[in-house]
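Before any comments, here is the structure.
Side-chain atoms are counted along with the backbone in the values below, which use heavy atoms only and exclude waters and symmetry mates. This chain uses plain numbering: 1 for the first residue, then up along the sequence.
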Amino acid sequence: MASKPDETRDGVDLTNLDQPLFDGAEATKRDLVDYLDAVHERILPELRERPLSVIRIRPGQPKFMQKNVPKYTPDWVKTVKVWAEASKREVSYALCNDRRTLLWFANQRAVEYHPTLMRADRWDRVTHLVLDLDPPEGETFAMAVQAALLVRQALTDSGLSGAVKTSGAKGAHVIVPIVDTVSIEDAAAATRAIAARAEKIDPSIATTAYIKEDRHGKVFVDSTRSGGATVVAAYSPRVRPGTTVSYPVGWDDLESVTPRDFTVRNAIQLLGDADPWADQLPAPQDLPEDLLAEGRAIPVARVVAMHEGKRRKRAREAEEKSDE
């Protein structure tokens, strides 16, 4: 028999609200629901009409990513079918277009919200470029900040601008809205070129090396988010100690914050009535031809890494054979 809901909001029954969210969350399920409800007008523009992957966490179980909506999904949750080439099957993604759907996800213990870079009605275009700044292990957010400032400089030098947010984990994301005349291939090329230009400004801080062992303690400027990729939405909580939030901080404040400053328990107070992400995002921009030309000449990092990995494996095997 189904348990009696603790309360109902917008037609969604909310249950077990006083359970801890996960180990180390320092938050309950109620904190998650209350937070997402309070920011729904700010996070929904990030999610609307975009195929959504969520990270859920059930009590006492490891977190898991959910792409395909479960069979018990209410029929009022809008979905879109997408062919997944990797798994050779059709995936039915949710489109989180309204408060009711967001509350339903929150009640399912969906903590993280990862929308695609493209909208469901325009598969052939991404709406923004993503530079994901991934610092080395440890308390290294200050390094991610320095790399973000290099990306900002590279953008400025290219006649572009972007907005910055904490990832909610250990790094930062720079988001660059673009016009819808740019093909997916050119958007990917531009992202590679921006990363390369940031690395060139100060190679002692930033690297575009896809293989971890080649990064040598530098910040990885990841330019591989393109096409059908996702990125955690601004204002999305994370399954991290303290239940941090991916929070828009603005370029001027970036050097004075850490990702742990923003959690589901304090972000609402910090935001007040403001929507800093909407305020900071520039209008969609044209991409300069020289940037596109430079990016088209840069090989795709994953492909390079795959070939390099195979080459290194062959070299190791040859070395081991010669030692026999």
So do [Y] and [X] actually touch side chain to side chain, heavy atoms under 4.5 Å?
| X | Y | value |
| --- | --- | --- |
| Val219 | Thr207 | no |
| Ile175 | Val130 | yes |
| Arg225 | Leu129 | no |
| Pro74 | Trp104 | yes |
| Ile57 | Phe22 | yes |
| Pro51 | Val80 | yes |
| Val176 | Gln285 | yes |
| Leu160 | Leu291 | yes |

Got a second to check how far [X]'s [atom1] is from [Y]'s [atom2], nearest 0.5 Å?
| X | Y | atom1 | atom2 | answer |
| --- | --- | --- | --- | --- |
| Glu7 | Leu14 | CD | CG | 5.5 Å |
| Ser226 | Ile184 | OG | CD1 | 8.0 Å |
| Asp214 | Phe220 | CG | CZ | 10.5 Å |
| Asp222 | His173 | CG | NE2 | 8.5 Å |
| Thr224 | Leu131 | OG1 | CG | 10.5 Å |
| Ser158 | Leu287 | OG | CG | 9.5 Å |

Checklist line | Check against salt bridge (charged side-chain N to carboxylate O under 4.0 Å, His left out), Arg122 and Asp124 | finding: CA-CA 6 Å; Arg122 195 74 202 268; Asp124 60 335; 2.9 Å; yes
Margin query: Starting from Trp83 and following side-chain heavy-atom contacts under 4.5 Å between hydrophobic residues (I, L, V, M, F, W, Y), which residues can be reached?
Written below: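 Listed partners: none, Trp83 stands alone.
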Between [X] and [Y], is there a donor-acceptor pair closer than 3.5 Å when you use the side chain of the first and the backbone of the second?
| X | Y | result |
| --- | --- | --- |
| Asp186 | Ser183 | no |
| Asp134 | Val221 | no |
| Thr101 | Asn97 | no |
| Asp10 | Val12 | no |
| Lys170 | Glu139 | no |
| Arg215 | Tyr210 | yes |

Notebook entry, point to check: Considering the options Asn266, Val245, Thr263, which one meets the side-chain contact (heavy atoms from CB on, under 4.5 Å) requirement together with Tyr35?
Noted result: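 Of all the options given, the one that passes is Val245.
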Is there a chain of hydrophobic side chains (I, L, V, M, F, W, Y, each step under 4.5 Å between heavy atoms) that links [X] to [Y]?
| X | Y | value |
| --- | --- | --- |
| Leu133 | Phe262 | yes |
| Tyr93 | Trp123 | yes |
| Met118 | Tyr113 | yes |
| Leu36 | Leu47 | yes |
| Met143 | Ile205 | no |

Could you tell me whether [X] atom [atom1] has more than 12 heavy atoms of other residues or ligands within 6.0 Å of it?
| X | atom1 | value |
| --- | --- | --- |
| Arg119 | CZ | no |
| Glu41 | CD | no |
| Asp279 | CG | yes |

Below 3.5 Å, can you tabulate the donor-acceptor pairs from side chains in residues 62-70 to any protein atom, sequence neighbours excluded?
{"unit_1": "Gln66", "atom_1": "OE1", "unit_2": "Arg56", "atom_2": "NH1", "d": "2.6"}
{"unit_1": "Asn68", "atom_1": "OD1", "unit_2": "Ser92", "atom_2": "N", "d": "2.7"}

Checklist line | By salt bridge (Lys or Arg N to Asp or Glu O under 4.0 Å) - contacts of Arg125 (at least two apart) | finding: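 Salt bridge (Lys or Arg N to Asp or Glu O under 4.0 Å) list for Arg125, sorted by chain: empty.
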Notebook entry, point to check: Is the cationic atom of Arg100 (NZ for Lys, CZ for Arg) positioned less than 6.0 Å from the six-membered ring centroid of Trp76 and within 45 degrees of its normal?
Noted result: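 That pair qualifies as a cation-pi contact.
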State whether a side-chain donor-acceptor pair under 3.5 Å links [X] with [Y].
| X | Y | result |
| --- | --- | --- |
| Asp275 | Tyr235 | yes |
| Ser236 | Glu112 | no |
| Asp13 | Thr8 | yes |

Measure across [X] and [Y] and return the closest heavy-atom pair with its distance rounded to 0.1 Å.
| X | Y | answer |
| --- | --- | --- |
| Ser167 | Val232 | O-CG1, 3.8 Å |
| Val164 | Ala148 | CG2-CB, 4.5 Å |
| Ala163 | Leu281 | CB-CD2, 3.8 Å |
| Pro115 | Leu52 | N-CD1, 3.8 Å |
| Gly227 | Leu117 | O-CB, 4.3 Å |

Notebook entry, point to check: With sequence neighbours left out, what residues match Glu294 under side chain to side chain donor-acceptor pair (under 3.5 Å)?
Noted result: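 Partners of Glu294 by the side chain to side chain donor-acceptor pair (under 3.5 Å) criterion, ordered by chain and then number, come out as Arg197.
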Item checked: Residues which pass side chain to side chain donor-acceptor pair (under 3.5 Å) with Asp202, listed by chain and number, not counting sequence neighbours ->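 In terms of side chain to side chain donor-acceptor pair (under 3.5 Å), with neighbours along the sequence ignored, Asp202 is linked to Ser204.
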Item checked: Residue from Arg9, Lys29, Arg265 passing side chain to side chain donor-acceptor pair (under 3.5 Å) with Asp34 ->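 Result for side chain to side chain donor-acceptor pair (under 3.5 Å) with Asp34: Arg9.
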Next item on the list: Evaluate side chain to side chain contact (heavy atoms under 4.5 Å, CB included) for Val300 paired with Arg192, printing each intermediate quantity in order.
Entry: CA-CA 8 Å; Val300 177; Arg192 292 195 296 274; 3.7 Å; yes
Note to self: Between the side chains of Glu26 and Arg240, is the shortest nitrogen-to-carboxylate-oxygen separation below 4.0 Å, so that they form an ion pair?
What the structure shows: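 Result for this pair is no, no salt bridge flagged.
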Margin query: Can you tell whether the side chains of Arg48 and Asp98 come within less than 4.0 Å, N to carboxylate O?
Written below: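 The answer is no: the pair does not qualify as a salt bridge.
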Next item on the list: Begin from the C-alpha positions of Arg99 and Leu103 and carry the test side chain to side chain contact (heavy atoms under 4.5 Å, CB included) through to its verdict.
Entry: CA-CA 6 Å; Arg99 175 183 178 229; Leu103 285 168; 3.8 Å; yes
Next item on the list: Given side chain to side chain contact (heavy atoms under 4.5 Å, CB included), test Arg30 with Val33 step by step and report yes or no.
Entry: CA-CA 5 Å; Arg30 184 185 298 278; Val33 171; 5.7 Å; no
Check: What's the verdict on side chain to side chain contact (heavy atoms under 4.5 Å, CB included) for Thr127 and Asp180, showing C-alpha distance, side-chain angles and the deciding distance?
Finding: CA-CA 7 Å; Thr127 56; Asp180 66 1; over 6 Å; no
Next item on the list: Provide the full list of side chain to side chain donor-acceptor pair (under 3.5 Å) pairs with a residue in residues 243-253, sequence neighbours left out, each pair given once.
Entry: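 Qualifying pairs: Lys165-Ser246.
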Next item on the list: Start with the C-alpha gap between Arg109 and Gln19, add the side-chain angles, then the distance that decides, and say whether side-chain hydrogen bond (donor to acceptor under 3.5 Å, both in side chains) holds.
Entry: CA-CA 11 Å; Arg109 305 174 75 101; Gln19 281 184 351; 2.9 Å; yes
